[in-house]
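Structure first, then comments.
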Amino acid sequence: DDSWTEELETREDCSERGYRGLLWLLEQSEQKVLLVGHGGLLNYTMNGHTNVVLVDGRQQQHKDDASEEIRCITKRFGNCELREFIITAWDSAGYNNDVTNGANQQEPVITL
């Protein structure tokens, strides 16, 4: 594996790698895909990348010991947990499904 190193990847690098993977998925012709990944990679990508926006239409859950609310979608993945998402991408200039990063093109924002 050419991407393997002895040093642990930073959270920012992990988040960027996951984001690039989502951009690659958007370039594919398939309408439905199954994405399998490590919970850490998914967490850093979905909760730590500025160009990934999570949208959750479900009700929020309350913590048992406090009035603070946490969204189900941002919680850590459980072992073998399945989540279903619809992925879209957009930018301020109007996303056109060309996710390559040209000189004048902004990075698309991915909505899950």
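Sequential numbering from 1 along the given sequence is applied to the chain's residues.
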Partners meeting salt bridge (Lys or Arg N to Asp or Glu O under 4.0 Å) with E9 (sequence neighbours left out) = R17
Set of residues satisfying side chain to side chain contact (heavy atoms under 4.5 Å, CB included) with respect to E30, sequence neighbours excluded | Q28, V33
N/O donor to acceptor pairs below 3.5 angstrom from side-chain atoms of residues 34-44, sequence neighbours left out:
residue: H38; atom: ND1; partner: G40; partner atom: N; Å: 2.9
residue: N43; atom: OD1; partner: N47; partner atom: ND2; Å: 2.5
residue: Y44; atom: OH; partner: R11; partner atom: NE; Å: 3.3

If only atom types and distance count, is the side chain of E16 paired as donor or acceptor with the main-chain N or O of D13 below 3.5 Å?
-> no
Give the minimum heavy-atom separation between S15 and G48, together with the two atoms involved.
-> OG-C, 3.6 Å
Basic-acidic side-chain contact under 4.0 Å: R20, E107 | yes
Taking all heavy atoms of M46 and all of L112, pick out the closest pair and write down the distance.
-> CG-CD1, 3.9 Å
All heavy atoms of L22 vs all of T45, minimum pair found to be CD1-CG2, 3.8 Å
For a side-chain contact (heavy atoms from CB on, under 4.5 Å) with I110, tell me which candidate from I87, N51, V53 qualifies.
-> I87
Would Y19 and W24 show up in the same hydrophobic cluster when neighbours are defined by side-chain heavy atoms closer than 4.5 Å?
-> yes
